[in-house]
Structure formats: C-alpha cells, structure tokens
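These numbers come from the heavy atoms of this one structure, side chains and all, not from hydrogens, waters or symmetry mates. Everything numeric in this text was worked out from a predicted model, so none of it was measured.
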Amino acid sequence: MNYTDNDNSSNRHTPGILYIVSTPIGNLKDITHRAEEILRTVDLIVAEDTRHTRILLNTYNISTQMISYHEHNAQRVLPQVMEHLQNGLHIAQVSDAGTPGISDPGYRLIQAAIAERVEVVPIPGASAVLSAIVPSGLPLDRFVFEGFLPRKKGRKTRMDLLATESRTMVFYESPHRLVKTLIEFSEVFGNDRKAVVCRELTKKFEEFKRGTMQELVNHYTAANPKGEIVIIVEGIGKKAAKKRVDFQ
C-alpha cells in the first residue's frame, strides 16, 4: 500500500505530527524503544539517505515507507512533505545518524512545520555532540557548538572570533581536513591549548585522542585518520584572555 493511500480520509483537515527521531550514530543497538516504535507506526519516514536508513530499519524489521530529503532536493521535496502533514499523515524525520536538524537541512522542515502550526515532537536519543564532549575530560559547565567551520569564505573570521572564547568549543570535521584544521587551531588558539579528537564514536574503532594542539597535529599528520570526527577544544582561561586582549 502506498503511504498516500492510507485511510486518513476522516482526518484530512487535522494536520499530522512531525516526529524528530534521533537514530544511532554508529552502534545500531543505541536506538531507543520509543524511536523504534515511532519509526514502525508512522505513515512515512523522511530520511536524509534512504539507503543508509534502510540498514537500520531492516535490523529492526521495520517496513515503513521512506522518501529522501536532503540538501540537494530540499526545495522540491519540502512542499510535498508539508502537504502530507497537512493531510493528516504522521511523519518521522531522521538524518543519517544522530539528531536531525543539527548541521543538516532538517531544520528547514522543522521551521516549515512550526510555521504551519504542525505539531513537532522530539524523540531524543543519540547525539555526536554529547557523545564526544561527555568523556572528553574538558569543562562541561559551559560549551558552545560550532558545527562545521566554513571551508573557505569566512573561515578565518570565524576562528578569530573564537580566539577569546572561554567556553569549551565543539566542532565537526571530515578526516581529510582534520590536519589542516588542527594546524589552523594551533595558530589561533596556541600550540599548548588542550583539545580532544573524537573519531568513529560508538563504532568498533572508536577513538579519543587527548593532548595539546601541537601533539594532536603531530599525531594525525602521521596517522591518516578515517571516519567521522568531532573536535573538542578547551576555552581560553581568564588570565590568557586578559593578556590576549591587552596585546591586541
């Protein structure tokens, strides 16, 4: 049965619910019972990559139909998803891993649903940010999530703005840009600034490499890292911040 043929005729004028479902970031056992139930019972799953999500669904014998929604087709697919919601279908949104809306185009669908008074319900679970920062050993009382830095335009400006940031900083990075980013961090934050590189979180080759910025540059210059990466950087201390401001 196609999801557009569901027997929702009596609810056509009552909008459905958009569930924002967190999925495992590596280990498929990290799915919650609630997330599994929602994915099994909704009318439709909106997935960043249906091939990737199919692996998760097959693991738990979930046969709910999916459509793809990602950065390159968002403009075309978003109106279709909103129409389904307005027609009363309940929809689950998932990203390839973790919580949708964080550093992915999922936030546009969330914004559109809110604007149209569609109920948005979070189904919490795995998050690369929390999975990385909790065991980092760096201060957790205050932290700032920076996501992916700009690749070119605005990259140096962003880093310079963070030079006097006192909170612990969290960044996403790809393996082939890791060394370049660490070198730039050492120039902006200093060679002695503490940091942690978190790689392949929850997966078989999970790694937490802790050290100074210079130590991390040396290590990963020779290591040829692979996999998804989160970088945690210590914030600047009060004395160091004062010296930096005085110097400038």
Side-chain angles (χ1 to χ4, degrees), residues 3-4 6 8 11 14-134 143-148 170-172 201-203 228 230:
Y3 59 82
T4 56
N6 273 317
N8 281 313
N11 295 320
T14 301
I17 298 173
L18 176 63
Y19 294 97
I20 310 302
V21 182
S22 298
T23 55
I25 59 176
N27 192 321
L28 296 183
K29 293 181 181 179
D30 287 338
I31 193 170
T32 68
H33 291 302
R34 188 182 179 202
E36 182 183 350
E37 179 184 36
I38 291 296
L39 294 176
R40 192 182 304 279
T41 58
V42 292
D43 299 294
L44 177 67
I45 296 173
V46 174
E48 187 175 358
D49 185 333
T50 56
R51 296 166 299 179
H52 185 93
T53 301
R54 178 59 63 192
I55 297 172
L56 174 65
L57 299 189
N58 288 343
T59 300
Y60 291 95
N61 296 314
I62 297 172
S63 58
T64 307
Q65 295 195 44
M66 292 186 289
I67 61 171
S68 177
Y69 172 80
H70 48 74
E71 183 178 359
H72 302 293
N73 72 357
Q75 188 173 1
R76 174 177 57 84
V77 175
L78 192 150
Q80 299 174 16
V81 176
M82 288 307 303
E83 182 179 358
H84 294 320
L85 286 167
Q86 292 290 10
N87 285 337
L89 298 187
H90 296 323
I91 294 177
Q93 179 185 10
V94 300
S95 61
D96 284 348
T99 302
I102 300 178
S103 290
D104 71 44
Y107 76 91
R108 297 192 187 98
L109 176 54
I110 296 169
Q111 286 181 327
I114 293 171
E116 294 297 324
R117 300 184 182 278
V118 170
E119 184 178 3
V120 178
V121 176
I123 309 298
S127 167
V129 175
L130 296 180
S131 297
I133 196 171
V134 169
F143 66 89
V144 56
F145 175 66
E146 286 294 321
F148 287 99
V170 184
F171 303 88
Y172 284 165
L201 288 167
T202 78
K203 299 177 182 178
E228 297 180 349
V230 182

Output for pair (S63 OG, I45 CD1), nearest 0.5 Å, gives 9.0 Å
For V230 and A132 the tightest heavy-atom approach is CG1-CB, 3.6 Å
Interatomic distance, CZ@R54 vs CE@M66, rounded to 0.5 Å, equals 3.5 Å
Nearest heavy-atom approach of L18 to A113 is CD2-CB, 3.8 Å
Looking at side-chain heavy atoms only, is the closest gap between E119 and V121 below 4.5 Å? yes
Item to check | Check: V21 and I38 side chains under 4.5 Å, non-hydrogen atoms | outcome: yes
The reported gap from CG in D96 to CG in D49 (rounded to nearest 0.5 angstrom) is 5.0 Å
*asked:* Checking the side chain of N73 only, and the main-chain atoms of S68 only, is there a donor and an acceptor separated by less than 3.5 Å?
replied: yes
inquiry  = Between R40 and N61 (side chain of the first, backbone of the second, donor and acceptor by atom type, cut-off under 3.5 Å), is there such a pair?
reply    = yes
Does V144 reach the side chain of V170, with side-chain heavy atoms less than 4.5 Å apart? no
What I'd like to find out is whether the side chain of F143 reaches to under 4.5 Å of the side chain of V129, using heavy atoms alone. yes
Measuring only between side-chain heavy atoms, which start at C-beta, is R108 closer than 4.5 Å to L78? yes
Taking T202 for its side chain and G26 for its backbone only, find out whether a donor-acceptor pair lies under 3.5 Å.
yes
When you compare the side chain of V120 with that of Y19, does any pair of heavy atoms fall below 4.5 Å?
no
One should read off an interatomic distance between Q93 CD and L109 CG, to the nearest 0.5 angstrom, of 4.5 Å
*asked:* side-chain contact (heavy atoms from CB on, under 4.5 Å), that's the test. Do Q80 and Y69 meet it? Break it down for me.
replied: CA-CA 10 Å; Q80 299 174 16; Y69 172 80; over 6 Å; no
### Query
Where do I55 and T53 land on the side-chain contact (heavy atoms from CB on, under 4.5 Å) test, with the steps shown first?
CA-CA 5 Å; I55 297 172; T53 301; over 6 Å; no
In terms of heavy-atom contacts, A126 and P24 come closest through CB-CA, 4.1 Å
- Query: Tell me, do V77 and I67 make a side-chain contact under 4.5 Å, heavy atoms counted?
  - Reply: yes
Contact between L85 and P15 at the side-chain level, heavy atoms closer than 4.5 Å - yes or no? no
Please assess L56 against I31 for the test side-chain contact (heavy atoms from CB on, under 4.5 Å), listing each intermediate value before the final yes or no.
CA-CA 9 Å; L56 174 65; I31 193 170; 4.2 Å; yes
Between D43 (side chain only) and H90 (backbone N and O only), is there a donor and an acceptor less than 3.5 Å apart? yes
What one should report as the nearest heavy-atom pair of A97 and T23 is CA-OG1, 3.9 Å
Report task. Using modelled atom types only, decide if a donor and an acceptor are shared between the side chain of S95 and the backbone of G106 within a distance under 3.5 Å. Result -> no
Assess whether atom CD of E48 is packed by more than 12 heavy atoms of other residues, nucleotides or ligands within 6.0 Å. yes
Rounded to the nearest 0.5 angstrom, the OG1-NZ distance for T59 and K29 is 11.0 Å
**OP:** Could you walk me through whether E228 and I25 pass the side-chain contact (heavy atoms from CB on, under 4.5 Å) test, one step at a time?
**Re:** CA-CA 10 Å; E228 297 180 349; I25 59 176; 5.8 Å; no
Ring centroid separation F145 to F171 under 6.0 Å:
no
CG (L39) and OH (Y60) are apart, to the nearest 0.5 Å, by 11.0 Å
